[in-house]
Every structure is written in C-alpha cells, then in structure tokens.
Amino acid sequence: MAKGITKRSEDYSKWYLDVIAAADLAEHSAVRGCMVIKPNGYALWENIQRQLDNMFKETGHENAYFPLFIPESFIKKEAQHIKGFSPELAVVTYGGGKQLEEPLVIRPTSETIIWSTYAKWIQSYRDLPILINQWANVVRWEMRTRLFLRTAEFLWQEGHTAHATEQEAIEETLLILDVYRRFAEEYLAAPVFTGVKTAAERFAGAIDTYCIEAMMQDKKALQGGTSHYLGENFARAFDVTFQDENGENKYVFATSWGVSTRLIGALIMMHSDDNGLVIPPRLAPTKVVFIPIWRDDSQSDMLKAKITALTEGWKGRISFKVDDRDQYRPGYKFNEWEKKGVPIRLELGPKDIENNQVVMVRRDTGEKMFVSQEGLLERVENLLATIQQDMFNRALVFRDANTYDEDNFEAFRNRIEDPGGFFWVHWCGSPACETRFQDSSKATIRLIPMGESKKEDGSCIVCGQPSHTRVLVAKSY
RNA sequence: CGGGGCGUAGCGCAGUCCGGUUAGCGCGCCUGCUUUGGGAGCAGGAAGUCGAGAGUUCAAAUCUCUCCGCCCCGACCA
C-alpha cells in the first residue's frame, strides 16, 4: 500500500529512515553526521519546545543563553566530566586566520561555561536558587549517527540550577524528572519508566542521573530525557560558594537536565506504522486536513465555499489545512497526508453534501466515520483527544506485553534475543555483574526504579548475592 | 576504527564483467487537454562535469592507481 516505505517487519531501521523521508522531516547534510531538519520536522520540534517551555516556566524557570564556545581549560576542570566528554569534542584552534592562544571547545553540554559564570553571580544565599534553562545546539563527535536519534549536532534544552541545600537540589532533579514523565505521557503519548542510572551509565560529573525510558516498537529501550543531581562537583571545580544565614561559606548544590531532538526519533519509533508517520494530536503541527472531492469546476467552487463555512471559527482553536490543490486527485492526497501523520482527515464530496455529512478518518487506526456537519469542530476535538489517549494506551499495552520478570540468567540471555523486550531482574549492585549483562547479552541496565513497585528480596541473576530490588534491563538505542 | 554495500538527471536504478554512435529506464518536474470518493490518462518538453583527480588508449561511465563522500552492521554515546 505504501510505496517507498519498507515494512517494519522487513527492516526496522530502514523503515525508520523511510518514514522520515516520506514525511519530509529531515535529511542528511553535506557534513558527516549532521542533519538538516526540514520544516515538517522543525514544526514538531517547535511544538515540543513550546510545551516544555511552558512547563519549565510554570515550575519557576527562566531562559537564558550561554555561548557556543567554551575555553578548553574550563572543560578540563571537573575530572569526571572531561573524562566522559573528551573523546567526542570538536575543538576550534583557528580564529580570524590566526591560531588561538587557547583552543575553544564547541559545547557538548554547557555545565562548565555556566558554572564559571554562576561563580560570579552567586555570593549570598539570597542569590539562590538560580533556575535557568537554555535552548541550544550542542556538538558531540559521534562515531555512528542516525537521524534524530544520534547526530553530531543536535538541538536540545539544558537546565542548570543552583541551590543552597542538597535536599532542594535533589527535589529539583526529581521535579524535572516528573516534568519529563508528564510530557512524555501526555504529549508524546509515550509510557515511560522512571528511575536512576547505574554508576556506569551516569552522566560524567553527576552524583546521580535520573531518566525516563520508553519502549520502541522493536522492543528496544530509548532514553528520552535525563535529570542529573550534580551535588557539589561543579561548585568545587569552579569555586562557586555562597554565604549562608549564619555567615558560613558553602558550596552550592547543582542540577542539570535535558531533552533533545531525539524525542522526535522516539515519537516516530513508538507510533508510526507501515504507511508512514503517526503524530500524537497534541504535538501535530497540522491536526486536521480537509479534502474536497469534486467532479467539475462548479462543484469545486461550491465545495470550497462549503468548507470555508464549515471551518468558520476554527482558526485559533485548531490547526487545520484545506487541500484544494487541483493537480492531485483525492487518493494521492489521502496518501500524502497519511505519510505525514496528520491525525484526522476530513473528506467532503457531492454525496456528503446530499447527506449533510462529512467523512472523518483517523490516521492512527484508519477508521472511517460518516458524521453530521453539525457540531463538526466539537467532534473533531473529541476525536483528537480520543486518538491521543488511544495512542498512549496502545503503546502501554505493547510495552507491558513485552516486559517480564526473569530470574534465570540463561533464560534471560535467550529471551533478550528472542522475543526481546524489557526484563526486570535482580541485581546485586556490583559493577562486575553489570558488565556481565552487557558482555553476554548486549543489553544494559536501563534504570533502577525508585518507587516500591519493584522492591523485593531476591538474588542477583548473575552471581546469586542478595538483591533488594529488580532493575530494568534491555537493549537500547 | 573494523566488516559490508554504494556513488550515473531532483529521487530510485540499468549500463561497468567484455572500452566503441547522440548515456538509457521508472518516478518526479514543466506545458496542454481529459480526469478527480484510495497513489489518473494521453501528447509534448526540460533536466547529466557518469563522486574527484591522475593514468592507459585512436577512443573511458566502463580498465589501472590515488583520494573523497554516503548508507547499513559492530565497538562509544542524549
């Protein structure tokens, strides 16, 4: 049915690239590992941005902007940080035709430039907290790249906050984790597990890294966002101190957190099908496309006028398009908007005029409905809400059907290959056993859950030592 | 960086083994007419430094050498 899109069952990663091409979201650029985000893809990013930005503002954050270039010496100040990032840095050594005295690193993340700045801003406890976010691009020289999922340059937001107490900083970290979870569930229609990373998977320079993890349709995990509690690590490296109420000098406590254009990759891989992109209504740049179907010119004028009347008052309430192009026939248009993932298609032809109806078609299920022209906007809005909810529910059912408890290491090694999925297993906490998961199964510990749900006594699936909680293990992107 | 594949019109490809007219095909694009409820038909048309450079030859998309780039799979990562 869909020309030019490989079936998921044939080649999942080819399918992924085909969906992006068919929906005209992005393309590879002349620069290795970089992508051009085209208008359809960027519109998705703008919607993600708009919503998250609102959520950050609602929780008391402000936006600011820090420079792209970071003096090399800054990056080197925090030992773990430089260790983690040095392999993937892009460095500028020439400027204005002359060799620079000090090379400038193109930011892979902005902790160092930000903390060197915060050091100047903070003297007193009265200066705290600082709750800043920035929308920016960053560069990480990746070996292997894939559109949206991993590119050498990507767009993201990075929040950087400074607090007087450890408790407040940890609360901030968890607050943002919850913002990410809510955004994933309510907007991306993506059920996620939340938890904390193991030491091996932790952000370079963090005390703890919290994350949201979602299951893609190939049953692999994708980390959608991270929130880090940085403790005093960066404050010590950049000498960021404040005087508290008692006149004592103390280091500030830090957090940082981010989500990137990778979320677009997650959205694609969770919801799209063999006919192309499927966008959750709340993030869809165009929520409804209206297609008139005519037999001659007089009809076309009449139908266009009717659609204008039917969509009276829609502007400002719902984003819609009327596809009245004369050079394409209806079937072509149906297909085109399906590939692009528009949630609802409305058709209006001579038969519908006779019956005072409109044909309404869901992108997510393909279901076709004949509905009255009365109260059309309300019907559309209701259906959009239904689609949003159904998409979440389907993803949740899929994830739960492919998530298992497993206590036998050999069985685990077999099942992670076939059928694959998420596995809750007991782990003693030792890095040695963690390494054995990875080496023997190519799967990693995605997170250690925080709540009570997976707390139970058991024995480590690798070594048999006591364990008090199950951890989530899966192959991942 | 290792393994595999590829580079010929905007996109997808044939032609390359075995050198030889004016480098083809499909889709798309432009013009016109007919069409229009699931990817329209006919007619006409535009569009190529055959990835780059060097070499062999009367003659190179095709043979030789060098280089560049991209995609897929692995090791590292949001």
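Owing to the predicted nature of the structure, the values given are computational and were not obtained by experimental measurement. Each chain gets a letter, A, B and so on, in the order its sequence line appears, and its residues count up from 1. Any value given below was found using the heavy atoms of this structure, including those in side chains, with hydrogens, waters and symmetry copies removed.
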Who pairs with [N] - Watson-Crick or G-U, where each distance is under 3.5 Å:
{"N": "C25(B)", "value": "G12(B)"}
{"N": "C18(B)", "value": "none"}
{"N": "G2(B)", "value": "C73(B)"}
{"N": "G7(B)", "value": "C68(B)"}
{"N": "U57(B)", "value": "none"}
{"N": "C33(B)", "value": "G41(B)"}

Starting from the C-alpha separation in whole Å, work towards a yes-or-no answer on side chain to side chain contact (heavy atoms under 4.5 Å, CB included) for Asn402(A) and Phe422(A). CA-CA 6 Å; Asn402(A) 291 289; Phe422(A) 283 7; over 6 Å; no
Once you apply a heavy-atom cut-off of 4.0 Å, does [X] come out as touching a base, just sugar-phosphate, or nothing?
{"X": "Lys197(A)", "value": "nothing"}
{"X": "Gly258(A)", "value": "nothing"}
{"X": "Val259(A)", "value": "nothing"}
{"X": "Glu347(A)", "value": "base"}
{"X": "Thr151(A)", "value": "base"}
{"X": "Lys351(A)", "value": "base"}

How far apart are the closest heavy atoms of [X] and [Y], and which atoms are they?
{"X": "Thr6(A)", "Y": "Asp274(A)", "result": "O-OD1, 4.5 Å"}
{"X": "Ser256(A)", "Y": "Phe203(A)", "result": "OG-CE2, 4.4 Å"}
{"X": "Ser110(A)", "Y": "Gln134(A)", "result": "OG-NE2, 3.1 Å"}
{"X": "Leu283(A)", "Y": "Leu188(A)", "result": "CD1-CD2, 3.6 Å"}

So which pairs with a foot in residues 256-275 of chain A pass ring-ring contact (aromatic ring centres under 6.0 Å, His included), sequence neighbours left out? Phe56(A)-Trp257(A), His61(A)-Trp257(A)
Separation between the [atom1] atoms of [N] and [M], rounded to whole Å:
{"N": "A60(B)", "M": "C71(B)", "atom1": "P", "value": "33 Å"}
{"N": "G7(B)", "M": "U16(B)", "atom1": "C1'", "value": "13 Å"}
{"N": "G51(B)", "M": "G15(B)", "atom1": "P", "value": "14 Å"}
{"N": "G55(B)", "M": "A46(B)", "atom1": "C1'", "value": "36 Å"}
{"N": "U22(B)", "M": "A40(B)", "atom1": "C1'", "value": "33 Å"}
{"N": "G44(B)", "M": "C11(B)", "atom1": "C1'", "value": "23 Å"}
{"N": "A61(B)", "M": "U49(B)", "atom1": "C1'", "value": "12 Å"}
{"N": "C42(B)", "M": "G28(B)", "atom1": "P", "value": "12 Å"}

Roughly, in whole Å, what's the span from [atom1] in [X] to [atom2] in [N]?
{"X": "Asp326(A)", "N": "A40(B)", "atom1": "CG", "atom2": "P", "answer": "13 Å"}
{"X": "Gln327(A)", "N": "U35(B)", "atom1": "CD", "atom2": "P", "answer": "17 Å"}
{"X": "Glu142(A)", "N": "A78(B)", "atom1": "CD", "atom2": "P", "answer": "8 Å"}
{"X": "Gln299(A)", "N": "U35(B)", "atom1": "CD", "atom2": "P", "answer": "12 Å"}
{"X": "Arg295(A)", "N": "U35(B)", "atom1": "CZ", "atom2": "P", "answer": "11 Å"}
{"X": "Arg202(A)", "N": "A78(B)", "atom1": "CZ", "atom2": "P", "answer": "13 Å"}
{"X": "Arg107(A)", "N": "A78(B)", "atom1": "CZ", "atom2": "P", "answer": "18 Å"}
{"X": "Arg325(A)", "N": "U35(B)", "atom1": "CZ", "atom2": "C1'", "answer": "17 Å"}

Residue pairs meeting side-chain hydrogen bond (donor to acceptor under 3.5 Å, both in side chains), one or both in residues 73-83 of chain A, sequence neighbours left out, come to Ser73(A)-Glu102(A)
Hey, could you give me each pair passing side-chain hydrogen bond (donor to acceptor under 3.5 Å, both in side chains) that has a residue in residues 363-377 of chain A? Not counting sequence neighbours. Asp273(A)-Arg363(A), Lys306(A)-Gln373(A), Arg362(A)-Asp364(A), Arg362(A)-Thr365(A), Asp364(A)-Arg394(A)
How does each nucleotide of nucleotides 67-72 of chain B score, in 5' to 3' order, for protein heavy atoms under 4.0 Å: base (B), sugar-phosphate only (S), or none (-)? ---SSS
Can you find a donor-acceptor N/O pair under 3.5 angstrom joining the side chain of Arg329(A) to the base of G41(B)?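 No such pair is found, so the answer is no.
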No-H, no-angle donor-acceptor pair, Glu338(A) side chain to G38(B) base, under 3.5 Å: yes
From G38(B), A78(B), G37(B), pick the nucleotide closest to the side chain of Thr226(A)? A78(B)
Choose from G74(B), A78(B), G37(B) the nucleotide whose nearest atom is closest to any side-chain atom of Lys442(A). G74(B)
Salt bridge or not between [X] and [Y]? Use side-chain N to carboxylate O under 4.0 Å.
{"X": "Glu410(A)", "Y": "Arg413(A)", "value": "yes"}
{"X": "Arg50(A)", "Y": "Asp53(A)", "value": "no"}
{"X": "Glu336(A)", "Y": "Arg345(A)", "value": "no"}

Would you say Asp323(A) and Tyr332(A) are linked by a side-chain donor-acceptor pair, where the criterion is simply a distance under 3.5 Å? no
Arg446(A)-Thr444(A) side chain donor-acceptor pair, cut-off 3.5 Å: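 Yes, because at least one side-chain N or O of Arg446(A) sits under 3.5 Å from a partner of the opposite role on Thr444(A).
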Establish, yes or no, whether the cationic atom of Lys333(A) lies under 6.0 Å from the six-membered ring centre of Tyr328(A) and within 45° of the ring axis.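 The answer is no, since Lys333(A) fails at least one limit relative to Tyr328(A).
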Using heavy atoms and a sub-4.0 Å distance, could you list which residues of residues 208-215 of chain A are near RNA chain B? By number, please. none
Which atoms of nucleotides 27-34 of chain B (N or O only) lie under 3.5 Å from a protein N or O atom, and what are those distances?
unit_1, atom_1, unit_2, atom_2, d
C29(B), OP1, Tyr328(A), OH, 2.9

Please tell me which of Met143(A) and Trp294(A) maps to the more 5' nucleotide of RNA chain B, matching each residue to the nucleotide holding its nearest heavy atom. Trp294(A)
Between Phe154(A) and Val359(A), which has a closest nucleotide on RNA chain B that is more 5'?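 Mapping each residue to its closest nucleotide by heavy atoms, the 5'-most match is Val359(A).
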Checking Thr173(A), Asp208(A), Thr161(A) against Thr255(A) for side-chain hydrogen bond (donor to acceptor under 3.5 Å, both in side chains), the one that qualifies is Thr161(A)
